Number of protein chains: 2
Amino acid sequence: MADQTKGEAERPQRRRRKMQSVTMMDVAEFAQVSPSTVSLYLRRPEAVSASAGSTIARAIEKLNYVPNLVAGGLAAASSRAVSIIVPSVRNAFFAETVAAMQNILRKEKLQLILGHTEYDEREEEELVKTALSWAPAAIVLTGLSHSDATRRMLQKASVPVIEIWELGGQQIDAAIGFHHDQVGAAAAKHLIQQGRRNLAYLGARLHEDKRAKQRCDGFVETAKIAGVTVDVIQHPAAASAEVGGMLLSEALQALPQLDGVACSNDHVALGALFECERSSISVPGRLSIVGFGDLSFSAACNPPLTTIRPSGDLIGREAARLIIEHMAGKEPEPQISIDTRFTLLHRRSS
Amino acid sequence: MADQTKGEAERPQRRRRKMQSVTMMDVAEFAQVSPSTVSLYLRRPEAVSASAGSTIARAIEKLNYVPNLVAGGLAAASSRAVSIIVPSVRNAFFAETVAAMQNILRKEKLQLILGHTEYDEREEEELVKTALSWAPAAIVLTGLSHSDATRRMLQKASVPVIEIWELGGQQIDAAIGFHHDQVGAAAAKHLIQQGRRNLAYLGARLHEDKRAKQRCDGFVETAKIAGVTVDVIQHPAAASAEVGGMLLSEALQALPQLDGVACSNDHVALGALFECERSSISVPGRLSIVGFGDLSFSAACNPPLTTIRPSGDLIGREAARLIIEHMAGKEPEPQISIDTRFTLLHRRSS
DNA sequence: TTTGTCAATCGTAGCGCTATGATTGCAAAA
DNA sequence: TTTTGCAATCATAGCGCTACGATTGACAAA
């Protein structure tokens with residue numbers, strides 16, 4: 001039988017939780033200052049005296065102190081994390097932007113939290129929700145089209161939003177990128193300038209990749225205005241050299257007069273190039289090929305590939321700059337949009 | 001600098017900090033339960049009664065509650081974040097692994113925090129330090145060679161560490177990958193089997209890319225054992241088609257008898273292929289080419305590229321699996337190593 | 001001297017949540 | 001009846017840090 005032992009014997013021993021080996025308090029103690037001073041030193045070294053600063057620095061070194069960013073994030077209501085949501089990092093374009101951002105942000109001790117939509121708006125919505133629960137310093141999204149729910153969440157949360165890789169639609173906050181229809185237009189103009197009169201656009205996954213679709217539309221429109229023949233040959237699969245080969249072969253069959261093609265991207269163009277080689281079609285003699293992306297192999301092809309370079313790294317750098325400026329307290333102009341433009345590289349495939 | 005506008009009317013109002021619009025307390029209040037129950041429901045729905053569960057679910061829905069993962073991470077001493085550190089996500093191999101991990105982890109509401117070393121051990125050390133300050137659920141590193149400081153930090157922190165893309169060295173915790181020297185050996189064996197007797201390895205950035213170096217070494221060793229001629233032609237720049245072209249041209253000049261090459265990766269092989277085309281060298285008639293990676297264009301080349309596929313996605317999937325199992329409380333065998341192997345794809349370039 | 005100013009430093013109340021141990025209510029066992 | 005066992009729920013003490021406001025001390029101005 002157990003007695004009713006409530007409330008008589010005091011048990012001062014309370015529960016404990018986890019433990020971070022060395023905390024800011026330990027550093028403060030060691031350096032003979034208050035925790036506040038340590039915190040201040042860490043955040044704004046110039047605000048503490050030189051002597052205190054060096055003492056603290058020594059203590060940190062000695063104790064091998066690693067700040068707990070999670071605690072800091074909670075206290076400050078904003079973490080040193082930047083959430084970036086792209087269709088997929090397997091795509092070289094986005095990989096380049098992510099890498100460029102990362103390389104700048106890491107110097108500011110900002111972490112990149114990565115998410116993949118796989119071109120799915122629902123997925124994006126889910127990712128944005130999770131991203132927000134990290135109270136990130138900023139959130140970077142790909143493109144301008146999002147679900148209403150996504151837009152609402154973002155609007156309500158007071159997080160700076162940067163939309164990248166697209167311009168010309170309705171933006172939430174800041175946008176950095178270029179006009180994809182202009183890319184298509186540039187490709188068309190270039191081919192026409194080269195004397196081509198029977199054009200086609202070789203498109204991959206146009207139903208999902210909105211930006212590839214915009215490039216395609218720009219191409220077609222410009223060609224039509226110029227009064228030359230133009231067709232779209234497309235495939236639902238993601239852009240690849242294999243798809244490029246298939247598309248060109250299909251295009252040649254359907255359009256015997258074909259003398260110029262623009263491609264979804266350089267992978268497709270590469271496939272088209274190989275297909276020409278297999279079919280003994282001279283490039284650019286009989287057919288001109290224009291790609292998009294200036295991928296790592298494009299200049300080394302035979303013949304080197306004429307392509308349009310979108311400067312994905314500039315997009316990343318500009319995004320990082322905006323974020324850093326925002327964190328430094330600089331109030332950015334609302335609805336700012338930065339056109340990173342693109343460059344047509346005229347090489348020998350056209 | 002803001003104006004100092006204080007001092008007239010006394011405001012006994014104490015300080016306030018930030019505000020998350022809807023907190024768990026709000027949900028609890030709305031659902032007429034205690035915050036603990038809401039928390040419990042969120043973490044282990046099966047532990048609360050069905051009625052309470054649905055009430056809470058409704059409250060969450062109604063209030064549009066988004067949990068604060070930062071606060072949760074602090075309280076639980078471990079965040080729902082997985083830190084992954086790779087040389088660069090621009091590299092298609094790592095991009096694939098990252099993407100595969102992400103696609104599994106997102107279903108578990110785990111976030112990927114990305115870091116780039118750019119093949120720099122110092123940088124890696126810095127990244128590991130920052131990563132640890134996020135108290136991640138796990139930390140994933142590329143390769144087995146790290147600085148002593150990195151190793152020490154990792155050892156001291158009680159975070160599961162997974163090293164990927166390499167096997168055969170001294171591992172910290174778990175390792176998932178394959179033996180790169182075996183890749184080189186397989187390439188050599190294959191070329192020899194095809195009747196090639198004058199081999200070369202076309203290597204890019206071998207001084208930094210330790211794994212490419214291992215492949216190279218495996219290639220050379222195997223060739224030597226088999227008694228065939230073997231050379232290494234290398235370039236300090238990162239692997240690219242351009243470098244591949246240069247390397248092959250250099251190799252042909254230095255080794256007129258050359259009849260088989262293995263390459264750092266498929267980009268280099270692609271460049272070699274184009275160089276052969278330019279120099280009218282028949283492939284595989286006069287020269288066999290073996291790549292590494294099975295990149296998106298490799299099967300579509302002309303001729304299609306014989307290459308070795310490393311299954312970077314499997315590495316990612318296995319890593320994700322290990323992490324999820326660990327979080328579910330399953331104690332993993334220490335020093336586990338998973339060999340994801342590789343496949344030689346014999347196509348027409350050899 | 002007193003007062004004011006300013007830079008440097010400190011004290012402390014949370015940030016929103018989780019995990020521990022306690023408590024409750026009810027059905028089955030004693 | 002009382003006890004026990006169990007599932008469901010709750011109360012509460014932090015997790016480690018930041019930022020607000022207060023305090024200190026040194027020096028210039030009055």
Side-chain angles (χ1 to χ4, degrees), chain A residues 1-7 11-29 31-53 55-56 65-80 133-135, chain B residues 1-2 4 6-7 10-29 31-53 55-56 65-80 132-135:
Chain A
M1 318 299 182
D3 304 12
Q4 296 282 83
T5 41
K6 51 163 49 178
R11 307 205 69 240
Q13 261 301 14
R14 273 339 210 121
R15 72 302 267 321
R16 283 158 54 223
R17 202 62 47 72
K18 72 102 158 265
M19 230 169 58
Q20 166 166 100
S21 39
V22 182
T23 71
M24 189 178 274
M25 261 197 62
D26 298 321
V27 174
E29 212 162 286
Q32 308 262 44
V33 296
S34 78
S36 315
T37 308
V38 178
S39 172
L40 190 60
Y41 168 75
L42 254 22
R43 282 171 297 118
R44 297 194 282 118
E46 77 284 359
V48 308
S49 68
S51 65
T55 315
I56 293 169
Y65 168 67
V66 178
N68 184 327
L69 292 182
V70 179
L74 179 60
S78 148
S79 63
R80 292 192 75 78
S133 65
W134 277 97
Chain B
M1 313 352 170
Q4 299 280 79
K6 50 157 61 177
E10 285 307 313
R11 309 226 47 248
Q13 267 294 18
R14 277 325 214 131
R15 76 297 276 313
R16 284 156 56 222
R17 203 58 47 73
K18 75 107 155 260
M19 229 171 57
Q20 165 165 98
S21 40
V22 183
T23 72
M24 190 178 274
M25 261 196 61
D26 299 321
V27 174
E29 213 162 284
Q32 307 263 43
V33 295
S34 77
S36 316
T37 308
V38 178
S39 172
L40 191 60
Y41 168 75
L42 252 22
R43 282 171 297 120
R44 297 194 282 117
E46 76 284 358
V48 309
S49 69
S51 65
T55 314
I56 292 169
Y65 168 67
V66 178
N68 183 327
L69 292 183
V70 179
L74 180 61
S78 148
S79 63
R80 293 191 76 77
L132 286 177
S133 65
W134 278 96

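All values reported here derive from a predicted model rather than from experimental measurement. Computed over heavy atoms, backbone and side chain alike; hydrogens, waters and symmetry mates excluded. Here is the naming used below: chain letters follow the sequence lines, and residue numbers restart at 1 for every chain.
- In the set dA8(D), dT9(C), dG16(D), the nucleotide with an atom closest to the side chain of Ala52(A) is dT9(C).
- Of the candidate nucleotides dT9(D), dT18(C), dC17(D), dC17(D) has the atom lying nearest to any side-chain atom of Thr23(A).
- The side chain of Tyr65(A) places no N or O atom within less than 4.0 Å of a non-bridging phosphate oxygen (OP1 or OP2) of dG16(D).
- In the set dC17(C), dA19(D), dC10(C), dA19(D) carries the atom at the smallest distance from any side-chain atom of Arg43(A).
- Side-chain contact between Val38(B) and Val33(B): present, with at least one pair of heavy atoms (C-beta onward) separated by less than 4.5 Å.
- Shown here for Gly73(B) and Val70(A), the closest heavy-atom pair between the two residues is C-CG1, 3.9 Å.
- When all heavy atoms of Leu42(A) and Pro67(A) are compared, the pair lying nearest together is CD2-CG, 4.5 Å.
- The backbone N or O of Ala135(B) lies less than 3.5 Å from a partner atom in the side chain of Ser79(B), making a donor-acceptor pair.
- As a whole-Å value, the separation of Leu74(A) CG from dA13(C) P is 17 Å.
- A donor-acceptor pair under 3.5 Å is absent between the side-chain atoms of Ser39(B) and the main chain of Pro35(B), judged by distance alone.
- Contact between Ala28(A) and Ser34(A) at its shortest, heavy atoms only, is CB-C, 3.7 Å.
- An OP1 or OP2 oxygen of dA7(D) is reached within less than 4.0 angstrom by no side-chain nitrogen or oxygen of Ser49(B).
- Atom pair Met24(B):CE and dA19(C):C1' shows a separation of 12 Å (rounding to whole Å applied).
- Across all strands shown, Val70(B) has no heavy atoms under 4.0 Å from either base or sugar-phosphate atoms.
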Atom pairs, N/O to N/O, protein against nucleotides 23-28 of chain D, distance under 3.5 Å?
none

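- With dC17(C), dA19(C), dG14(C) as the candidates, the nucleotide lying closest to the side chain of Ala76(B) is dA19(C).
- Nearest heavy atom pair, residue Ala31(B) against residue Thr55(B), reads O-CG2, 3.7 Å.
- Bending across the helix from dT1(C)-dA30(D) to dA30(C)-dT1(D), expressed as the angle between its end axes from five pairs apiece, amounts to 60° (10° rounding).
- Interface residues of residues 35-42 of chain B facing DNA chain D, ordered by number: Ser36(B), Thr37(B), Leu40(B); criterion, heavy-atom separation under 4.0 Å.
- Taking 4.5 Å as the limit, some side-chain heavy atom of Thr37(B) sits within range of a side-chain heavy atom of Ile56(B).
- Residues Ser133(A) and Val66(B) are in side-chain contact: their nearest non-hydrogen atoms beyond the backbone lie under 4.5 Å apart.
- Looking at heavy atoms from C-beta onward, Asp26(A) lies out of side-chain contact with Tyr65(A) at the 4.5 angstrom threshold.
- We find that CZ of Arg80(A) is positioned 10 Å from P of dT18(D), with the value rounded to whole Å.
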